[in-house]
Amino acid sequence: MRASLIQIAVNEDETVEARRVRAAALVREQAGADLVVLPELWTTGAFAYEEFDAAAEPLRGPTYEAMAKAAGDAGVWLHAGSVPERDPGGRIYNTSLLFSPAGDLAASYRKIHRFGFDKGEAVLMGAGREPVTVRLPETTLGVATCYDLRFPELFRSLVDAGAEILVVPAGWPERRRSHWTLLAQARAVENQAFVLACGTAGAHAGVPQAGHSIVVDPWGEVLAEAGADEEVLTVEFDPVRVARTREQFPALKDRVLGLDPPRG
Ligand SMILES: O=C(O)CCC(=O)C(=O)O
């Protein structure tokens, strides 16, 4: 399986529309890949809180249209990253869009864990409730978005639903880059799954982005890692390695569920 992670730069000197056109062209250039991944909120930038309202679009809005066409033109499975989605009631969600190689919507996922504590995304956006997996011909993807990476129980639920490849678009800040790398490896090791984590480059709203998109195998080894700047990270791997790793080192089978509450 060949995957391309498009670590696009999100800078304020480019309009949303210009970046959308550029992202679609970058997706088309990946024809021949099986899976292409874009980062979180790459139209506005994950920290451009003041832009969310103006840039919010319906699920089937301009980003949907551009990405559906690009996936179909390239003939790839496309995780198109996330957009600020405005639902019919006016609420905004951080929603990921996934397309099949025919350009059809295969799934959408509303980010469950919103970042910002008592400000930013956490107050401006609604929270998703439903973990999402997507069945591909040879494997199953489980999806999560940025801050979700800190919540292992979400990833366990994806693995329980059959996920072998965990795809994590993000807009992770440079300031916590060490957490990004560490958590991507931890989610891969504990779930014995591939992790494909695609971040943004550049800087917006005064927040330099970490870049360093990363692909980790089910043994926790880093297969590929991007630098800080805009880059397409391409990697080949065999999803069968997930089943092999889980057979050869069957730690997932040793889970003890439904423990008593702690005493003390
Ligand atoms: O958890 C972090 O450190 C970064 C999270 C984040 O930036 C986000 O979810 O948008």
Side-chain angles (χ1 to χ4, degrees), residues 5-12 16 19 23 37-53 55-57 63 79-86 91-98 108-132 142-158 166-188 190-191 195-214 216 225-226 228 230:
L5 279 58
I6 301 178
Q7 178 175 288
I8 197 164
V10 182
N11 292 311
E12 280 147 358
V16 165
R19 190 154 46 249
V37 184
L38 276 159
E40 178 190 33
L41 296 177
W42 54 268
T43 54
T44 54
F47 287 88
Y49 304 139
E50 287 170 14
E51 312 296 320
F52 289 170
D53 193 53
E57 45 183 297
T63 305
H79 187 317
S82 68
V83 294
E85 176 217 349
R86 191 186 304 280
R91 193 86 176 105
I92 302 176
Y93 294 88
N94 186 338
T95 303
S96 287
L97 304 170
L98 289 97
S108 62
Y109 164 67
R110 286 176 171 169
K111 184 177 180 182
I112 292 174
H113 303 93
R114 295 160 301 167
F115 184 64
F117 311 113
D118 56 357
K119 55 182 179 357
E121 180 187 23
V123 295
L124 297 170
M125 288 180 161
R129 294 282 313 158
E130 292 172 349
V132 170
V143 299
T145 307
C146 201
Y147 189 48
D148 282 337
L149 190 58
R150 294 186 183 271
F151 300 89
E153 60 278 13
L154 169 61
F155 289 80
R156 259 308 140 77
S157 79
L158 296 171
L166 301 165
V167 185
V168 188
W172 203 275
E174 165 58 23
R175 192 152 168 259
R176 294 184 292 281
R177 176 152 72 86
S178 62
H179 297 191
W180 164 251
T181 311
L182 183 69
L183 291 168
Q185 285 189 271
R187 296 295 86 88
E190 74 197 357
N191 294 301
V195 170
L196 275 55
C198 180
T200 48
H204 57 269
V207 183
Q209 296 292 288
H212 285 267
S213 297
I214 190 166
V216 190
E225 184 174 349
E230 180 161 310

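In listed order, ligands and their atoms are each counted from 1. When a residue number appears, it is its place in the shown sequence, counting from 1. Keep in mind the model is a prediction, meaning the values are calculated, not measured.
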Please report whether ligand 1 has a polar contact with T145, defined as an N or O pair separated by less than 3.5 Å (distance criterion only). no

Below 4.0 Å, non-hydrogen atoms only: which portion of F47 touches ligand 1? Side chain, backbone, both or neither. side chain

Ligand 1 atoms nearer than 4.0 angstrom to some heavy atom of G171 are 7 (O)

I'd like to know if the side chain of T200 pairs up with that of Q209 as donor and acceptor (distance under 3.5 Å, no hydrogens or angles considered). yes

Protein heavy-atom partner closest to atom 3 (O) of ligand 1 - residue, atom, separation in Å: R176 NE, 2.6 Å

What pairs meet the salt bridge (Lys or Arg N to Asp or Glu O under 4.0 Å) rule with one or both residues in residues 172-182, with sequence neighbours excluded? E174-R177

Any donor-acceptor pair under 3.5 Å linking the side-chain atoms of T63 with those of E57? yes

Please report which non-hydrogen protein atom sits nearest to atom 9 (O) of ligand 1, along with the residue it belongs to and the distance in Å to one decimal place. K111 NZ, 2.7 Å

Check the pair R114 / N94 against side-chain hydrogen bond (donor to acceptor under 3.5 Å, both in side chains), numbers first and verdict last. CA-CA 8 Å; R114 295 160 301 167; N94 186 338; over 6 Å; no

With ring centroids as reference points, do Y147 and F151 lie under 6.0 angstrom apart? yes

For ligand 1, does A170 get within less than 4.0 Å through its side chain, its backbone, both, or neither, judged by non-hydrogen atoms? neither

Any idea which protein heavy atom is nearest atom 8 (C) of ligand 1, and the distance to it? C146 SG, 3.0 Å

Can you tell me if H204 and E12 form a side-chain donor-acceptor pair at under 3.5 Å? no

Does only the side chain of Y147 get under 4.0 Å from ligand 1, or the backbone, or both, or neither? Count heavy atoms. both

Counting only heavy atoms closer than 4.0 Å, does ligand 1 sit against the backbone of H113, its side chain, both, or neither? neither

Could a heavy atom of R175 be found less than 4.0 Å from some atom of ligand 1? no

With heavy atoms and a 4.0 Å threshold, my read on which part of H179 contacts ligand 1 is neither

Which of the atoms of ligand 1 are close to P173, meaning less than 4.0 Å from one of its heavy atoms? 4 (C), 7 (O)

Residues which pass salt bridge (charged side-chain N to carboxylate O under 4.0 Å, His left out) with R86, listed by chain and number, not counting sequence neighbours: D53

Please confirm whether the backbone N or O of T95 pairs with a side-chain atom of R110, one donor and one acceptor, at under 3.5 Å? no

Please state which protein non-hydrogen atom is closest to atom 1 (O) of ligand 1 and give its distance, to 0.1 Å? R150 NE, 2.7 Å

Is any NZ, NE, NH1 or NH2 atom of the basic residue among E121 and K111 found under 4.0 Å from an Asp or Glu carboxylate oxygen of the other? yes

